[in-house]
Visitor: 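Starting off with a structure, shown below.
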Amino acid sequence: GEDVEQSLFLSVREGDSSVINCTYTDSSSTYLYWYKQEPGAGLQLLTYIFSNMDMKQDQRLTVLLNKKDKHLSLRIADTQTGDSAIYFCAERGTGANNLFFGTGTRLTVIP
Amino acid sequence: DARVTQTPRHKVTEMGQEVTMRCQPILGHNTVFWYRQTMMQGLELLAYFRNRAPLDDSGMPKDRFSAEMPDATLATLKIQPSEPRDSAVYFCASGFDTGELFFGEGSRLTVL
């Protein structure tokens, strides 16, 4: 079955870049997503990338996809304290309605 | 501003009691999902519906959990009887077939 892996914790200093990594096993994944969860809240979609793309940039966010290695990353430039949250990687397979989520990476931004 | 609405936001109950969680998906969305989040297991898919029909509930303990969509504006997740190991945050999400999922704020359940 599908397996999505992330490291559990990441700490960065305010103003630095953060890179959150994710690996997945389903080679038929069509879309890959990054969701953000702030304390006490639900998940909010940050960005997504279609599997035929290598990179997507959206303001401070850059998503890189290495389909050969099944590796996805999210780079947050100029990280702010408001970026402190849990970040989930998720993938959707071909013909599937549901998403498979990673364990989430807790990002802590140190002022 | 369309959003997924879940009730209750918090529920504390005793072991053995019935718990019902409700979700109002975003109007027009045709898929509805129930996820459970715990520290140990992360996000687990419990059940999902497409056009109100249950498509997959393999992630749900069938002996005590049930999920239904009595109409397009309401999805329910029921636990009977509840157990302490059911303590978690339960999320409902809705969306279209191939689009993003929109999550509710979650229902935090504590079973004593």
Side-chain angles (χ1 to χ4, degrees), chain A residues 1-9 20 22-26 28-53 56 58 61 63 72 74 85-107, chain B residues 1-10 21 23-26 29-60 67 69 88-108:
Chain A
E2 293 83 354
D3 194 17
V4 181
E5 304 253 343
Q6 299 177 242
S7 53
L8 291 179
F9 302 99
I20 303 170
C22 169
T23 58
Y24 59 97
T25 56
D26 186 1
S28 71
S29 294
T30 53
Y31 288 92
L32 295 123
Y33 302 82
W34 284 104
Y35 278 81
K36 177 183 181 182
Q37 184 182 29
E38 295 182 353
L43 280 70
Q44 284 186 296
L45 180 68
L46 275 182
T47 187
Y48 67 93
I49 189 167
F50 189 52
S51 59
N52 68 354
M53 297 169 65
K56 181 177 180 181
D58 184 1
L61 305 178
V63 179
L72 182 75
L74 173 70
I86 302 176
Y87 290 81
F88 289 90
C89 167
E91 62 96 14
R92 182 197 296 272
T94 304
N97 292 107
N98 56 309
L99 300 185
F100 290 91
F101 285 87
T103 52
T105 299
R106 183 179 294 274
L107 174 65
Chain B
D1 188 22
R3 62 180 67 187
V4 175
T5 305
Q6 290 186 245
T7 56
R9 291 295 314 278
H10 302 273
M21 288 168 275
C23 168
Q24 181 176 7
I26 292 174
H29 283 178
N30 68 334
T31 58
V32 174
F33 300 79
W34 283 105
Y35 286 91
R36 175 170 65 183
Q37 185 179 36
T38 59
M39 289 290 290
M40 296 300 293
Q41 301 294 331
L43 269 171
E44 300 173 276
L45 177 68
L46 295 176
Y48 76 92
F49 296 79
R50 183 173 182 272
N51 295 329
R52 292 178 55 205
L55 282 196
D56 185 356
D57 60 2
S58 58
M60 208 164 63
M69 275 201 77
V89 182
Y90 291 80
F91 286 103
C92 175
S94 72
F96 295 111
D97 280 333
T98 56
E100 69 174 282
L101 288 187
F102 292 80
F103 280 76
E105 298 277 287
S107 294
R108 180 176 293 276

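The structure presented is a predicted model; accordingly, all values stated were derived computationally and were not measured.
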Visitor: Between B:R9 and chain A, which part of the residue has a heavy atom less than 4.5 Å away: side chain, backbone, both or neither?
Guide: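 When you check distances to chain A, only side chain atoms of B:R9 fall under 4.5 Å.
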Visitor: Evaluate B:Y35 against A:L99 for side chain to side chain contact (heavy atoms under 4.5 Å, CB included), listing each step before the verdict.
Guide: CA-CA 10 Å; B:Y35 286 91; A:L99 300 185; 4.0 Å; yes
Visitor: Does any backbone or side-chain atom of A:Q44 lie under 4.5 Å from a heavy atom of chain B? Answer side chain, backbone, both or neither.
Guide: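 Looking at A:Q44, nothing touches chain B.
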Visitor: Check the pair A:F101 / B:Q37 against side chain to side chain contact (heavy atoms under 4.5 Å, CB included), numbers first and verdict last.
Guide: CA-CA 11 Å; A:F101 285 87; B:Q37 185 179 36; over 6 Å; no
Visitor: Take atom CD of B:E44 as the centre, draw a 6.0 Å sphere, and report whether it contains more than 12 heavy atoms from other residues, nucleotides or ligands.
Guide: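 Counting neighbours around CD of B:E44, more than 12 heavy atoms of other residues, nucleotides or ligands fall under 6.0 Å, so yes.
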Visitor: Among B:D56, B:L43, B:V89, single out the residue with the greatest number of heavy-atom pairs under 4.5 Å to chain A.
Guide: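 Most pairs with chain A among the choices: B:L43.
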Visitor: Output yes when a side-chain donor or acceptor of A:Y35 lies under 3.5 Å from a complementary backbone atom of B:L101, and no otherwise.
Guide: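 Yes.
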Visitor: So which atom in B:E100 and which in A:Y33 form the shortest heavy-atom distance, rounded to 0.1 Å?
Guide: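 B:E100 and A:Y33 have their closest heavy atoms at CA-CE2, 4.3 Å.
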Visitor: Hey, which of A:L45, A:L43, A:T103 has the most heavy atom pairs under 4.5 Å with chain B?
Guide: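 Of A:L45, A:L43, A:T103, A:L43 has the most heavy-atom pairs under 4.5 Å with chain B.
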